[in-house]
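Let me begin by presenting the structure, written as structure tokens, before commenting on it.
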Amino acid sequence: MAATPLAPTARAVRTVAFVDGVRTPFGKAGEKGIYANTRADDLVVKVIRELLRRHPELPPERVDDVAIAATTQTGDQGLTIGRTAALLAGLPKSVPGFATDRMCAGAMTAVTSVAGGIGFGAYDIAIAGGVEHMGRHPMGEGVDPNPRIIADKLVDPTALVMGQTAENVHDRFPAITKQRADEYAAQSQERYAEAVKTGKIGPELVPVAIRNPELGWGLATEDEPPRPGTTVEQLAKLKTPFRPHGRVTAGNAAGLNDGATGAILADEDTARELGLPVGMRLVGYSFAGVEPEVMGIGPVPATEKLLARTGLSIEDIGLFEINEAFAVQVLAFLDHFGIDQTDTRVNPWGGAIACGHPLASSGVRLMTQLSRQFAEHPEVRYGLTTMCIGIGMGGSVLWENPNHDGSDK
């Protein structure tokens, strides 16, 4: 029997390229943070303008959509921020935009959403990113969770407090001790400090004009949260706010932060036609759900699903960018896949424990760093960006290095 011919409208999947990514310096949330008097949407505007400034070869009217994520979609990070930020950034009014929310994986979801459009042929070029101003909008501000979530015992009450979910992961994996978590946290600070010192971190940062009512105007040029020189001994003395005699502290977890990220995604042929760089190629992505009370294990099933779909194994991955919401969550991932916590393939420039985690923005930070690491490591063919997500999810995105030299690593 003859095969049914494809419909005349059927499309071949196109190759999606990560062109470039930038971010604002990340700040500490609160009245004393660098962005206390800066609007969230202005952080996004700065990122979009910088992407266009760095790539004059991209005609602004060629941008087909702008996807911006925010976890708390209210106030100055509400009102369909992808559209309003595009207008404020000076993109033509013909360029549409939208907002998205998948808690910590907001920017990751913004990227995968527009990537699907590019792969299908609905877009040629799009901008995707995220913002979180946790100083103005604490996570959960203004929400009204349905009481049945708890009353019907759909989730454990601890599922709604991220720090308690991290303690639950410690309970589930007793081999991940507080000592190990503190050692990992100190390593993150050390690697981040070294990356700044050697110029690895810095080129992707967009300076942001900031205002202090007492000191006047200034310029944010570097991340505010890092604590270089942090030792395991110092971390051991910190309080455990989520449980008496617990294991999760302010030192082995990401803080409350403000910041924005953005990236250009494009069909690879279109990118090369315009002279845009190709930093990475998208191989695939997966999201998975887990028990909300142990949301930190989400990257494990998301990565397993992704590897199964792409036919690759964990041994094929040469670089990992894992969001460090909590040290225990990273260690659970590494232990599951048999990777040592000091492995230099994992977060070689440190992570969110050092530089911060402004929720919905962090996914593009991971991607931007991986893209720049690819340029330094032609021996690496595949890299992974992965993160845990509140309310019990994980997200993983697999990328290919366009600079790969053909070796087996």
Can a donor-acceptor pair be found, under 3.5 Å and without considering hydrogens, that links the side chain of [X] to the backbone of [Y]?
{"X": "Asn37", "Y": "Arg211", "value": "yes"}
{"X": "Asp343", "Y": "Arg345", "value": "yes"}
{"X": "Thr165", "Y": "Val294", "value": "no"}
{"X": "Glu167", "Y": "Arg247", "value": "yes"}
{"X": "Thr385", "Y": "Glu321", "value": "no"}
{"X": "Glu400", "Y": "Arg281", "value": "no"}
{"X": "Glu224", "Y": "Gly33", "value": "no"}
{"X": "Asp64", "Y": "Ala126", "value": "no"}
{"X": "Lys305", "Y": "Phe287", "value": "yes"}
{"X": "Asp335", "Y": "Ala332", "value": "no"}

Which atom of [X] lies closest to which atom of [Y], heavy atoms considered:
{"X": "His133", "Y": "Thr38", "result": "NE2-O, 3.0 Å"}
{"X": "Val232", "Y": "Ala186", "result": "CG2-CB, 4.0 Å"}
{"X": "Ala85", "Y": "Val45", "result": "O-CG2, 3.8 Å"}
{"X": "Met295", "Y": "Cys388", "result": "O-CB, 3.5 Å"}
{"X": "Phe374", "Y": "Gly279", "result": "CD1-O, 4.0 Å"}
{"X": "Arg172", "Y": "Ile297", "result": "NH1-CD1, 4.0 Å"}

Side chains of [X] and [Y]: does their closest heavy-atom pair fall under 4.5 Å?
{"X": "Glu50", "Y": "Arg53", "result": "yes"}
{"X": "His137", "Y": "Asp76", "result": "yes"}
{"X": "Gln329", "Y": "Ile322", "result": "yes"}
{"X": "His55", "Y": "Asp20", "result": "yes"}
{"X": "Asn168", "Y": "Glu291", "result": "no"}
{"X": "Thr261", "Y": "Phe26", "result": "yes"}
{"X": "Lys200", "Y": "Pro348", "result": "no"}
{"X": "Leu160", "Y": "Ile150", "result": "yes"}

With a 4.0 Å cut-off, would you call Arg136 and Asp258 a salt bridge?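 No, Arg136 and Asp258 are not salt-bridged.
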Only residue of Glu324, Gln341, Gln179 satisfying side-chain hydrogen bond (donor to acceptor under 3.5 Å, both in side chains) with Tyr184 is Glu324
Assess the residue pair Val206 and Leu51 against the criterion (side chain to side chain contact (heavy atoms under 4.5 Å, CB included)); give the C-alpha distance rounded to whole Å, side-chain angles, the decisive distance to 0.1 Å, and a yes or no. CA-CA 9 Å; Val206 185; Leu51 287 169; over 6 Å; no
Report the relative orientation of the aromatic rings in Phe333 and Phe337; use parallel for angles under 30°, tilted for 30 to 60°, perpendicular for over 60°. tilted
Between Thr368 and Arg23, does a side chain to side chain contact (heavy atoms under 4.5 Å, CB included) hold up when you go through it step by step? CA-CA 9 Å; Thr368 300; Arg23 68 178 177 91; over 6 Å; no
Let me see the working for Leu384 and Ser396 under side chain to side chain contact (heavy atoms under 4.5 Å, CB included), right down to the final yes or no. CA-CA 7 Å; Leu384 184 76; Ser396 295; 4.1 Å; yes
Report the residue from Leu282, Val397, Leu265 that forms a side chain to side chain contact (heavy atoms under 4.5 Å, CB included) with Thr112.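 Only one option passes, and that is Val397.
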Salt bridge (Lys or Arg N to Asp or Glu O under 4.0 Å), that's the test. Do Arg14 and Glu268 meet it? Break it down for me. CA-CA 8 Å; Arg14 303 192 300 173; Glu268 183 169 351; over 6 Å; no
Could you walk me through whether Thr24 and Tyr35 pass the side chain to side chain contact (heavy atoms under 4.5 Å, CB included) check? CA-CA 11 Å; Thr24 68; Tyr35 298 130; 3.7 Å; yes
Would you say that more than 12 heavy atoms from the other residues, nucleotides or ligands in this model lie under 6.0 Å from the CD of Glu222, or not?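 Count not over threshold, so no.
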Salt bridge (Lys or Arg N to Asp or Glu O under 4.0 Å) between Arg365 and Asp223, intermediate numbers included: CA-CA 13 Å; Arg365 178 188 68 82; Asp223 294 321; over 6 Å; no
Measure the NE2-CG distance between His170 and Asn252 for me, rounded to the nearest 0.5 Å.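 It comes to 6.0 Å.
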Calculate, to the nearest 0.5 Å, the distance between atoms CZ and NZ belonging to Arg148 and Lys153 respectively. 15.5 Å
Is there a salt bridge (Lys or Arg N to Asp or Glu O under 4.0 Å) between Arg49 and Asp42? Walk through the geometry before answering. CA-CA 10 Å; Arg49 286 179 173 171; Asp42 282 337; over 6 Å; no
